[in-house]
There are 2 protein chains.
Amino acid sequence: MRVRVEVAVFTVRAGVLQVLLARGPGGAWLLPAADAGSGELLDQTAASAARDVAGLRGISMEQLFTFDRLPDAMSVAYLALIDAGRHPLAPGPDSVEVRWFAHDDLPVLVDGQDAVVAYGLARLRAKTAYAPVAVNLLPEMFTLGEMQAVYEALLGRDLDSRNFRRDVLGAGVVDESGEVRAEGRGRPARLYRSAGGHFAVDARERRAARQISSGDDPPS
Amino acid sequence: MRVRVEVAVFTVRAGVLQVLLARGPGGAWLLPAADAGSGELLDQTAASAARDVAGLRGISMEQLFTFDRLPDAMSVAYLALIDAGRHPLAPGPDSVEVRWFAHDDLPVLVDGQDAVVAYGLARLRAKTAYAPVAVNLLPEMFTLGEMQAVYEALLGRDLDSRNFRRDVLGAGVVDESGEVRAEGRGRPARLYRSAGGHFAVDARERRAARQISSGDDPPS
DNA sequence: GCAAAAGTGTTCTTTGTACACCCATGG
DNA sequence: CCATGGGTGTACAAAGAACACTTTTGC
């Protein structure tokens with residue numbers, strides 16, 4: 001039985017949620033993928049796929065779901081979130097081209113890869129409700145305005161900045177750096193960084209991202 | 001690459017959450033399992049495992065996670081919830097014995113199967129917060145007292161019956177049957193049945209099971 | 001008539017949501 | 001001096017948690 005590992009890599013650029021695709025020699029657009037096996041862990045295979053296809057290294061990933069690929073294969077799907085600014089793309093040996101696509105304007109994908117993207121998106125949105133996913137999509141230092149923009153791109157709706165600030169700061173998911181950054185016009189913004197460490201998921205801490213909400217459920 | 005499908009089947013009996021295990025010819029306790037392949041869908045393979053190992057038919061299942069089984073295999077884990085009363089156990093060809101174990105008093109399992117059980121349990125508890133999982137663990141007709149007992153077994157804590165009734169009835173996840181059942185001493189209870197159909201996951205409907213709460217996150 | 005489980009409402013606390021103004025900078 | 005984004009607090013609405021007593025039956 002052939003086992004494939006496919007990775008849906010998301011980023012937010014210019015306020016738009018985007019997905020990474022590679023164009024293979026045949027001209028079709030594909031998710032970064034690799035074959036599992038050879039004594040390698042699935043997580044490692046997923047990391048290899050991101051590295052060999054798109055030049056991405058050291059990104060954090062999470063397993064999503066395992067899809068059938070009849071007649072005799074299956075695909076273990078992964079979700080990765082990165083800051084595109086810190087990870088320049090470098091097409092690997094088997095890719096003609098690697099680039100970002102707006103999540104709502106994808107080309108036709110092979111097989112059932114659109115299901116992988118759709119499920120990754122659903123999971124990503126669901127996680128905004130209880131995990132500080134935005135920090136994975138931002139540079140090391142960021143302003144709360146940038147963070148809010150990421151959540152707005154993920155959720156597709158506007159958030160109230162006063163409530164957003166209160167909740168994020170109250171949840172303790174970010175630390176103030178002490179520095180500020182002037183961003184063209186307007187008052188300079190304070191810079192924050194992730195307080196690091198995953199955080200416990202109980203009602204008290206969930207307040208963080210609760211402006212925010214969505215449901216999760218397996219695909220197909 | 002060898003792909004195995006393993007199923008963690010849960011039930012609630014006598015107020016205790018239990019897991020189904022089979023003892024193989026070698027004497028070790030195992031989860032019901034089968035090899036994937038032969039053009040069969042993973043969901044079908046999971047159904048076959050439950051049928052061939054334990055005689056369970058027509059039970060609903062959901063994929064959980066895919067685990068590494070080094071050096072050259074992997075295991076696609078499934079979660080199943082059943083009412084033990086409606087599904088008598090019948091050991092299949094490769095099982096010496098099939099029985100229920102209290103979730104907190106399991107024998108030693110092979111390989112990484114304890115991780116499958118642990119993750120299944122975590123997922124099951126997380127789902128109580130937004131899905132009417134109890135109806136899968138109850139007979140077709142049941143009382144609210146029985147339903148509450150199931151949630152208490154799942155969550156390991158007591159719930160307030162007034163709030164529980166208000167929330168469950170308000171969420172519309174059960175229909176009144178009109179019948180009542182005298183259960184020995186005490187006032188006879190009304191019988192309900194599942195209102196059927198999965199239900200939308202938005203804040204309004206989540207109230208149902210919110211006495212109830214927990215977090216989800218991938219294993220290992 | 002008493003033990004045992006079913007059934008029913010209200011109060012209080014916490015959480016979420018809506019909302020308006022002043023501040024610091026660049027042009 | 002004005003346009004632009006950053007920063008702060010309060011009032012109202014909704015949801016969740018805590019809580020006591022009456023009803024119907026078997027024994």
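In what follows, chains carry the letters A, B, and so on, assigned in the order in which the sequence lines appear, proteins first and then strands, with residues in each chain numbered from 1.
Between B:Glu6 and B:Ser75, the side chains place a donor N or O and an acceptor N or O closer than 3.5 Å (distance only, hydrogens not considered). Under 3.5 Å, the side chains of B:Arg51 and B:Ser48 contain a donor-acceptor pair of N or O atoms.
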- Message: At under 4.0 Å between heavy atoms, how does the protein contact nucleotides 18-27 of chain D? Give one character per nucleotide, 5' to 3', with B, S or -.
- Response: BBB--BBBS-
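Rounded to whole Å, the distance from CZ on A:Arg165 to C1' on C:dT17 is 18 Å. Atom-to-atom, CE of A:Met147 to C1' of D:dG5 comes out at 18 Å; the value is rounded to the nearest Å. B:Phe142 places its CZ atom 14 Å from the P atom of C:dA6, with the value rounded to the nearest Å. Distance CD (A:Glu152) to P (D:dG5): 13 Å, rounded to an integer number of Å. When the P atom of D:dT8 is taken as reference, atom CG of A:Asp167 falls 14 Å away, rounded to whole Å. One interatomic measurement links the two molecules: CZ of B:Phe164 to P of C:dA6, which rounds to 12 Å at whole-angstrom precision. Following rounding to the nearest Å, A:Asp158 (CG) and C:dA18 (C1') show an atom-to-atom distance of 14 Å. Atom C1' of nucleotide C:dC19 and atom CG of A:Leu159 are separated by 15 Å, given to the nearest angstrom.
Remark: side-chain polar atoms of A:Thr11 are paired, donor with acceptor, to backbone N or O of A:Ile82 under 3.5 angstrom. For the pair B:Arg125 (side chain) and B:Leu154 (backbone), a donor-acceptor distance under 3.5 Å is present.
Figure legend: cation-pi geometry between B:Arg166 and B:Phe164 absent, as NZ or CZ is not positioned both under 6.0 Å from the six-membered ring centre and within 45° of its axis.
An OP1 or OP2 oxygen of C:dT8 is reached within less than 4.0 angstrom by a side-chain nitrogen or oxygen of B:Arg190.
Salt bridge present: B:Arg123 and B:Glu62 bring a charged side-chain N and a carboxylate O closer than 4.0 Å.
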